[in-house]
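A short worksheet on the structure shown next.
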Amino acid sequence: MKFGAPHRHFRITDSTNARARELVEAGAPHGTVVTAAEQTAGRGRQGRTWTAPPDKALLYSAILRPLDKRHLLLPLAAPLAVCNAAEELNPDIECRVKWPNDIWVDGRKLAGVLIEAKPQNGWAVIGIGLNLSISSSEFPPDLRDTAISLLGVLEGGRGESRRELLANASPPRLPPTPLTATAVLNRHLASWVEAKPKEILAEWRARDALKGRQISWDGGSGVADGIEDSGDLVVVAAGGDRVVLGAGEVHLRL
Ligand code: BTN
């Protein structure tokens with residue numbers, strides 16, 4: 001199941017997920033990808049917004065159709081595709097996954113995934129925001145300590161321009177452009193969307209950033225203990241009870 005054709009790129013739009021939803025509802029085929037240099041109303045999970053300076057993040061939405069029972073673990077598979085893409089774009093990093101949909105590097109958020117689906121109509125829009133070259137001072141103050149971009153990883157967060165990076169680096173190393181990142185992500189997404197549940201679960205468990213960490217949510221707290229085969233999160237509460245959390249239901253705090 002390939003991604004990237006057709007590809008619609010917007011210089012500016014409200015949300016690539018919103019554009020992709022319009023396209024899928026109008027009959028756009030599987031594999032359609034929408035990207036933008038800038039979003040004015042980027043959507044995050046649980047009603048949050050997603051912001052990025054123009055041209056400094058990959059803002060990407062892909063149409064998956066038909067969506068069927070082979071894709072039950074899509075919420076786990078998509079972040080794994082982002083991990084592989086980010087590691088191909090910068091071989092010096094190791095990505096981890098923070099249940100349910102975040103991609104972390106060095107304990108900071110590099111990327112997030114927002115899947116919007118209508119299973120009854122047989123489609124999903126896979127929305128991905130991947131920080132490419134946002135310097136730490138360009139993140140909103142509340143995210144400065146918790147967000148990172150591929151540039152930050154490459155250059156220790158100093159935030160040079162592409163020109164400065166080219167001049168200073170030896171051998172030269174530039175952050176990838178959104179177009180390059182799109183092509184790399186298209187390839188990894190195609191392979192993870194078709195992966196078997198066993199492979200998805202094994203890779204997720206190998207990259208699990210939460211396992212063993214103390215977490216809390218509105219209904220309680222405990223130590224994260226990996227994921228079920230369904231993709232739900234297992235938490236061992238203080239009294240030893242095992243609690244199973246579904247991604248739609250909870251907002252985790254670390
Ligand atoms: C999250 O971590 O909360 C998910 C963020 C997903 C953001 C991306 S950016 C491209 C696509 N279009 C949107 O409006 N949202 C997703």
Side-chain angles (χ1 to χ4, degrees), residues 3-4 7-25 28 32-64 74-83 85-86 95-105 107-118 123-134 138-140 142-150 176-179 181-186 188-189 204 207 209-210 217 233 247-254:
F3 291 95
H7 177 189
R8 287 202 60 183
H9 180 74
F10 292 83
R11 198 188 67 72
I12 186 163
T13 190
D14 53 354
S15 154
T16 56
N17 265 32
R19 293 287 76 71
R21 285 186 69 137
E22 281 170 8
L23 288 170
V24 75
E25 276 168 354
T32 302
V33 163
V34 179
T35 55
E38 185 177 357
Q39 291 183 135
T40 54
R43 301 176 185 165
R45 289 187 63 247
Q46 297 180 315
R48 288 188 288 261
T49 54
W50 179 272
T51 58
D55 269 321
K56 295 201 167 184
L58 174 62
L59 307 169
Y60 172 105
S61 300
I63 291 174
L64 168 63
L74 181 65
L76 301 184
L80 294 175
V82 181
C83 287
C95 292
R96 308 193 72 198
V97 283
K98 190 221 141 204
W99 186 91
N101 290 129
D102 289 354
I103 294 87
W104 276 7
V105 172
R108 293 168 183 238
K109 182 161 169 171
L110 175 72
V113 177
L114 173 68
I115 297 177
E116 299 184 77
K118 260 203 193 162
W123 59 256
V125 166
I126 306 165
I128 294 168
L130 167 62
N131 300 329
L132 296 176
S133 55
I134 307 174
E138 290 174 308
F139 285 114
D142 56 320
L143 298 183
R144 222 155 269 169
D145 293 336
T146 56
I148 196 164
S149 64
L150 282 181
T177 63
L179 196 61
T182 301
V184 173
L185 182 57
N186 284 337
H188 289 290
L189 195 58
W204 180 278
R207 291 185 182 270
L210 282 190
W217 65 101
L233 181 71
E249 301 149 30
V250 291
H251 171 49
L252 290 186
R253 288 180 292 275
L254 300 175

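Atoms within a ligand are numbered from 1 in the order they appear, just like the ligands themselves.
- For ligand 1 and Asp102, the ligand atoms under 4.0 Å from any heavy atom of the residue are 2 (O).
- Between Tyr60 and ligand 1, a contact under 3.5 Å exists for no N or O pair.
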inquiry  = Applying side-chain contact (heavy atoms from CB on, under 4.5 Å) to Val33 and Thr16, what does each step give before you reach the verdict?
reply    = CA-CA 9 Å; Val33 163; Thr16 56; over 6 Å; no
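- On a distance-only criterion, Arg45 and ligand 1 share at least one N/O pair closer than 3.5 Å.
- When atom types are taken as modelled, the side chain of Ser61 and the backbone of Asn17 share a donor-acceptor pair closer than 3.5 angstrom.
- Near Ser61, meaning under 4.0 Å from one of its heavy atoms, ligand 1 places the atoms 11 (C), 12 (N).
- Under 4.0 angstrom from ligand 1, the non-hydrogen atoms of Val113 all belong to its backbone.
- Arg43 O, 3.4 Å is the protein heavy atom nearest to atom 7 (C) of ligand 1.
- Taking the side-chain contact (heavy atoms from CB on, under 4.5 Å) definition, one finds that Arg19 meets it with Phe10, Thr13, Asp14, Glu22, Val34, sequence neighbours left out.
- Here the CD atom belonging to Gln46 is positioned 10.0 Å from the CG atom belonging to Leu114, to the nearest 0.5 angstrom.
- For ligand 1, the atoms lying closer than 4.0 Å to a non-hydrogen atom of Gly42 are 14 (O).
- Less than 4.0 angstrom separates some heavy atom of Thr16 from each of these atoms of ligand 1: 10 (C), 11 (C), 12 (N).
- Annotation: Arg207, atom CZ; neighbour count of heavy atoms from other residues, nucleotides and ligands within 6.0 Å is above 12.
- Around CZ of Arg11, the count of heavy atoms belonging to other residues, nucleotides or ligands within 6.0 Å does not exceed 12.
- In terms of N/O distances under 3.5 Å, ligand 1 is approached by Gln39.
- Side-chain contact between Leu59 and Pro178 is absent, with no heavy atoms from C-beta onward closer than 4.5 Å.
- Comparing Gln46, Lys109, Lys98, Arg19 against atom 2 (O) of ligand 1, the shortest heavy-atom distance belongs to Lys109.
- In terms of protein heavy-atom proximity, atom 5 (C) of ligand 1 is closest to Trp50 CE3, 3.3 Å.
- The closest side-chain heavy-atom distance from Leu132 to Thr177 is not below 4.5 Å.
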